[in-house]
Every structure is written in structure tokens, then in C-alpha cells.
Amino acid sequence: MENYNKAEILQMVEEEDVEFIRLQFTDMFGVLKNVAIPASRIIKAMDNRCTIDLASLDGFAQREETDLYLKPDLATFSILPWRPQQGKVARFLCDICLEDGTEYPGSPRKILKDILEKAKEKGYTFQVNPECEFFLFHTDDNGMPTTLSHEKAGYLDTSPIDLGENTRRDIILTLEEMGYEIDSSHHEMSPAQHEIDFAFEDALHTADKLMTFKMAVRIIAKRYGLHATFMPKPRMEVNGSGMHLNMRLLKDGKYVFEDENGKLSRDGEAFMAGILRHIQGMTAVFNPLVNSYKRLVPGFEAPSEVTWSRKQRNALIHVRGRLSEGLNLELRSPDSASNPYLVFALCLAAGLEGMGEKLSPPEELSEDIRRLSCEEKSARGIRLLPENLGEALQAMNEDDLVRKVLGEDYVDEYIKTKRREWKGYLAQISEWELNQYLYRV
């Protein structure tokens, strides 16, 4: 991201024939919202005088002030390359502010900025590298999404078996045009499933980029007549899509998670222990949909137990080593339906708590978890992740760290809204139930 000033942005708007500006922000559930203004109103926008009405928006903790102000982050100014080349469209990502200019405490971006500032005061820089998986499905004759694909490709396959290769290439070229640094991309294990990995970068910039990434993926896929979905488990019989999160902490330019012998450091163990302590309470944020828990089941690649390992890649946290990049911790439970600002904030807060209290992680998983019986897991004290959204919300409600990081009002509003979703799901009669019981009972 560039450190633009107002004069530079005004010059670019004029020289590039920009006609519309999108003022974008994210609600508590990770949904990107925006207000569009003509370019003639850009000075008003950069003076933080454009408003939104909370009374008409879900996904925000309600308060007496319903009119809030959008404060564009000038460093996020970007011309959207998929829009017309004449009469172009640009965007800012915005902070949400009160009338006096202070940032609204219920903004996900503000929550992440606060915990990053606390880490900075201790000399730490938190960097992340998410691995975002998604499916590319066909649309029907009316352009509506389906879960159908003619593709039969598997892990790391290439064309002509990988039918989505051209779409994936155009997505990457589009993102690079916007200044993104993409680490790699490939076909994933399931047919029609793909992954694009970011390079390591500080957490705030990565969260900003993830929001635009998901929008770009959907738009580019639509050009090819495809529907891109980040739904965690759109098809029952194959692996779901996750957002594995690689994390590393730096202090004075040195990797905190690695000791002088190239092994996991004591601080690295403590950081990991903090996440494992709070993982159940954080799961409602990391896996926010009813559908998220269809992915977190035994028999597929996603974790369902609270474990860590250096060698077992199917553990919840995998300790990974990369040449010249130190050790990093890969958290494998989150999915891309989550709000990245909140995911990064909670991971960092839990990790710092672990370091502050010098916590020790549980015993390392030394064998494939899939070979252990339920009795063996219980005997070893291996905890389970919440099995559904209802359990996750209960754990969230009881977790003091989550309430401290997100704020009491934020957590209460999140739980209230998500419990409505959970109860709505429980009231549905599924095709499975009809097939199982209609003729037998």
C-alpha cells in the first residue's frame, strides 16, 4: 500500500478519469459494505464528512448515535481494474468514526488496530499469510449459482484437467495490478476447488487485502460464467474450504517463534498455548456459519480436535519451518467466511496472553489423530472443537478474552444475531431427515 496524500489522490483521480469512488467498510460478520459517490465529492469524503446510518444496517452493535462517519484510509486508495477503463471506479477502505472524530469501537478494523498497537508497544510486529480456498462452480441458464462442475482435477493438477486455471490466473493478474503480492496458487484436493496464498505481511494490510480479494475472485469468476464461493462446505462428499492462517511474530527484526537452534522457542510455545487455551471461545468467529461445522468433522482434512504438532499436518496448529523465513504457526481451523480483522485480532491477543503468562501447550500430537479412538483421545485429555454453531456461541459467551478484545456490546450483538441463525437452522426439515424417517416412523 502507498502512503498517498490528498493532493496525490486528487491528481490520480483527474489523470485516470475516475468518475466514481467507493467508500468501503466491513461489518462484524465480515461482509463488505460500501457507499458510492461521484468523483466530484471526493474532497468531502477525504474530509471524513460522508455518513452511514447504523439503524439500517445489520452487523453492528447498536448505540444511540445512528449516524456515523466514514474516514477513508488514504493508503488504501486503489483504482478497480475490473471496472470500465473510461469513467473508472476507485475505492477507499474506511474506518468508522463518531462525530467527534474518534473511531467507533464496534468497527472490526478498529478492534484489530487496537491489539496491533498493544503489540507494537511491546516491540512486536504480527505478520500473517492466509491460504484462501474457494470453489468455482457452474451457473444455471438464469445465471444463478449451482454446486455443479465438470472438473475432475485434484491436488496440484494442471490444465487441461484443471478447468479453472485461466480464471485463477486472471484473478492473480488483477490482484497484482492492484499492488498485491501473491505467494502462490494451485488447484486444491476437491474437484473445482482452488487456493491462492498471500505473501507474509502485517496483519492490518492483509485483512484489508482479504476483503478486496474475495470481491475480486467473485467478479473475475463471473466473467468466465462461473460462481466463486467461499462457503466452507458446499458439497458433502469432498473436503471443504478453509483459510489456514500462517502466523509469525517479529521483534527487532528477529523471528520470535524460533530459538537460536532453529527449534520452536519458549515464546513460540507460549503464544501457541494461548491460542489453544481460547480456541473454543474463538471458534464462533473463526467459523461463523452453520455450514462451517460441516467442514470441521472427522474423515476430512479439517481439524476437529484441539491439538498441535511439528510433524502431523492434520493437527489444529502445525508448526512449520520455511527456509530463511523462520518458524511459523499454521492455524488450520478458520474458514474464509470469517471476518479477517477479528480472526487476526483474537489470535494475536490470545498469543500475547500466553506469552505474558508463560503458558505451556498440551502434549504434542505425535501420530495421525485419525488413528486414535474416542476413548484414546479422551484418555489423553484431547479437547474437541465445538461441533456446531450453538456450542461455539456458548463457548464464546463464556470466554473472558474474547469479551475483552471485541467488547461486551460487540459480543452480545454477535451472539444474539448468530443465535437467530442457529435457531432458524434447527427449525428446518432437511432432505436427509425425510429420507431417513418419513417411511420408517
Does the side chain of [X] come under 3.5 Å of the side chain of [Y] through a donor N or O and an acceptor N or O?
X    : Y    : value
R266 : S360 : yes
H194 : R168 : yes
E165 : S159 : yes
T174 : E177 : no
H205 : D208 : no
D368 : N314 : yes
H244 : E195 : no
Y425 : N388 : no
T229 : R218 : no

request  = Would you please classify the geometry between the H186 ring and the Y155 ring as parallel, tilted or perpendicular, with 30° and 60° separating the classes?
outcome  =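 Judged by the thresholds at 30° and 60°, the geometry between Y155 and H186 is perpendicular.
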
Under 4.0 Å between a side-chain nitrogen and a carboxylate oxygen: does that hold for [X] and [Y]?
X    : Y    : result
K233 : D335 : no
D114 : K118 : no
R313 : E330 : no
D73  : R109 : yes
K88  : D17  : no
E131 : R320 : yes
D157 : K152 : no

message = I'd like to know whether the aromatic ring centres of F137 and F135 sit less than 6.0 Å apart in this structure.
response = yes

query = How about Y414 and F29: are their ring centroids closer than 6.0 Å?
reply =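 Here the rings of F29 and Y414 have centres that are less than 6.0 Å from each other.
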
request  = Report the residue from Q394, H278, R277 that forms a side chain to side chain contact (heavy atoms under 4.5 Å, CB included) with D399.
outcome  =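 Considering Q394, H278, R277, a side chain to side chain contact (heavy atoms under 4.5 Å, CB included) with D399 is found only for H278.
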
task = Please lay out, stage by stage, how R380 and E367 fare under the test salt bridge (Lys or Arg N to Asp or Glu O under 4.0 Å).
result = CA-CA 13 Å; R380 297 187 187 189; E367 57 194 296; 2.8 Å; yes

inquiry  = Does R248 qualify as a cation-pi partner of F200, given the criterion of NZ or CZ under 6.0 Å from the six-membered ring centre and within 45 degrees of its axis?
reply    = yes

request  = Determine whether more than 12 heavy atoms belonging to other residues, nucleotides or ligands lie under 6.0 Å from atom NZ of K251.
outcome  =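 For K251, atom NZ is crowded (more than 12 foreign heavy atoms under 6.0 Å).
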
key: Main-chain N/O of P303 paired to R295 side chain as donor or acceptor, under 3.5 Å   =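 No, because the side chain of R295 does not come within donor-acceptor range (under 3.5 Å) of the backbone of P303.
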
request  = Run the numbers on E376 and R371 for salt bridge (Lys or Arg N to Asp or Glu O under 4.0 Å), then give the verdict.
outcome  = CA-CA 10 Å; E376 288 172 317; R371 296 179 180 177; over 6 Å; no

request  = Begin from the C-alpha positions of Y341 and L210 and carry the test side chain to side chain contact (heavy atoms under 4.5 Å, CB included) through to its verdict.
outcome  = CA-CA 9 Å; Y341 298 101; L210 266 173; over 6 Å; no

